[in-house]
Amino acid sequence: MQFERQDLELALRRSRIKHKAGHSMKSAPTEIVPLIHANPVPRSFYERDPEQVARAILGKLIVRSFQGEELAGRISEVEAYLGLDDPAAHAFVGRTERNAVLFGPPGFAYVYFIYGMHYCLNFSCQPEGHAGSVLIRAVEPVAGLHKMAELRGIPSTANAKALTGGPGKLCQALGITRMAHNGVDVTLPTSRLRVLDDGAKVGPIHATPRIGIRKAQDRLLRFLVS
DNA sequence: AAGCGGATCGTCT
DNA sequence: GACGATCCGCTTG
């Protein structure tokens, strides 16, 4: 328990240094950032346009409590889905049993199963009654890397892209499933899946068309940090 | 380095 | 009954 906390602090520190230093591997001043200083992202944060939320959520931490262990990743790539006006969004067809979370209050996990094989994680945006969401496409591994690799079925924790570098990958690495996590409130500090802000600042944000989407390719709704 | 196809199933037509 | 907000391994260059 004590060991896990230290492990998490170390991992957070490494993650922050990497963000500040960019690609440079030169030594940087160490900075301890205990998890206790990472605050839940409030519901009001999500109660906006998905595009705003998508940009703002980059750099936030997704923390997953898994069998007494904390698995954490820093959000590095997202896509915005706009709801009824967006032909690429699940909500476009109107409210169904599957996409009901999108029409509910903001700050809840929308998890769906895709291609008969993978789960994808979204967070609901906008006030209740209005659909819209942010798809999490990639995170940088921060804590619990060994467990992540085990869940992914790969031997090494070294390759971040192989570990959590895709929507399906990060769900597998964090042990996220539709049955366990669809509809979970991610603003609660006690949730087994939650989003925290540790104050980390992100660099320049790149915007591109969304991946795997045929419609609305003129819209730059995919956002990633370099 | 990049492109192809197979795996696999819930959801809506 | 078709197909998708994907991933992986195998192919080729």
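Residue numbering restarts at 1 for every chain, and letters A, B, ... go by the order of the sequence lines. Keep in mind that what you see is a predicted model, and the values were worked out from it rather than measured.
- Stretches of at least 3 consecutive Watson-Crick or G-U wobble pairs, with each checked distance under 3.5 Å, appear in DNA chain C as B:1-7 with C:6-12, B:9-12 with C:1-4.
- Side-chain N or O atoms of A:Ser124 include one that pairs as donor or acceptor with a backbone N or O of A:Phe108 at under 3.5 Å.
- The side-chain heavy atoms of A:Leu82 and A:Pro50, taken from C-beta on, include a pair separated by under 4.5 Å.
- Within the 3.5 Å criterion, the main-chain N or O of A:Asn39 finds no donor-acceptor partner in the side chain of A:Asp197.
- Taking a heavy-atom distance under 4.0 Å as the criterion, the stretch of DNA chain C touched by chain A extends 5' to 3' from C:dG4 to C:dC8.
- Within the 3.5 Å criterion, the main-chain N or O of A:Gly94 finds a donor-acceptor partner in the side chain of A:Asn99.
- If you check residues 116-123 of chain A against DNA chain B, the residues with a heavy atom closer than 4.0 Å are A:Gly116, A:Met117, listed by number.
- Between the side chain of A:Ser76 and the backbone N or O of A:Ala138, at least one donor-acceptor pair lies under 3.5 Å.
- Proximity of A:Tyr112 to A:Arg98: side-chain heavy atoms (C-beta onward) are separated by under 4.5 Å at one or more points.
- Side-chain contact check for A:His130 versus A:Pro106: every heavy-atom pair is 4.5 Å or farther apart.
- Considering only heavy atoms from C-beta on, A:Leu58 comes within 4.5 Å of A:Val78 through its side chain.
- The closest side-chain heavy-atom distance from A:Leu174 to A:Phe66 is not below 4.5 Å.
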Does the salt bridge (charged side-chain N to carboxylate O under 4.0 Å, His left out) test come out yes or no for A:Glu70 and A:Arg194, once each step is laid out? CA-CA 11 Å; A:Glu70 301 268 82; A:Arg194 56 202 183 276; 3.0 Å; yes
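- When all heavy atoms of A:Lys169 and A:Ala162 are compared, the closest pair comes out as CD-O, 3.8 Å.
- Checking side-chain atoms of A:Ser191 against main-chain N and O of A:Val186 turns up no donor-acceptor pair under 3.5 Å.
- A donor-acceptor pair under 3.5 Å is formed between the side chain of A:Glu79 and the backbone N or O of A:Ile211.
- Within the nucleic acid shown, A:Phe113 comes within 4.0 Å of sugar-phosphate atoms alone, with no base atom in reach, counting heavy atoms only.
- Relative orientation of the A:Tyr119 and A:Phe113 rings is tilted, given thresholds of 30° and 60° on the angle between their planes.
- Within 4.0 Å of A:Arg152, counting heavy atoms only, lie sugar-phosphate atoms of the nucleic acid but no base atom.
- Looking at which nucleotide of DNA chain C each of A:Ala162 and A:Ile213 is closest to, the 5′-most match is held by A:Ile213.
- Near DNA chain C, defined here as any heavy-atom distance below 4.0 Å, the residues from residues 164-172 of chain A are A:Gly166, A:Pro167, A:Gly168, A:Lys169, listed numerically.
- Side chain of A:Ser133 to main chain of A:Phe123: no donor-acceptor pair is present (N/O by atom type, distance under 3.5 Å, no hydrogens or angles).
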Give me, pair by pair, the N or O atoms of the protein and of nucleotides 2-5 of chain B that are less than 3.5 Å apart, along with how far apart they are.
none

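- Under the 3.5 Å distance criterion, the side-chain polar atoms of A:Asp198 are matched with a main-chain donor or acceptor of A:Ala200.
- Proximity of a side-chain donor or acceptor of A:Asn122 to a complementary backbone N or O of A:Tyr110 within less than 3.5 Å is detected.
- Side chain of A:Arg210 to main chain of A:Ala80: a donor-acceptor pair is present (N/O by atom type, distance under 3.5 Å, no hydrogens or angles).
- Listed by residue number, A:Ala88, A:His90 are the residues of residues 88-102 of chain A with a heavy-atom contact under 4.0 Å to DNA chain C.
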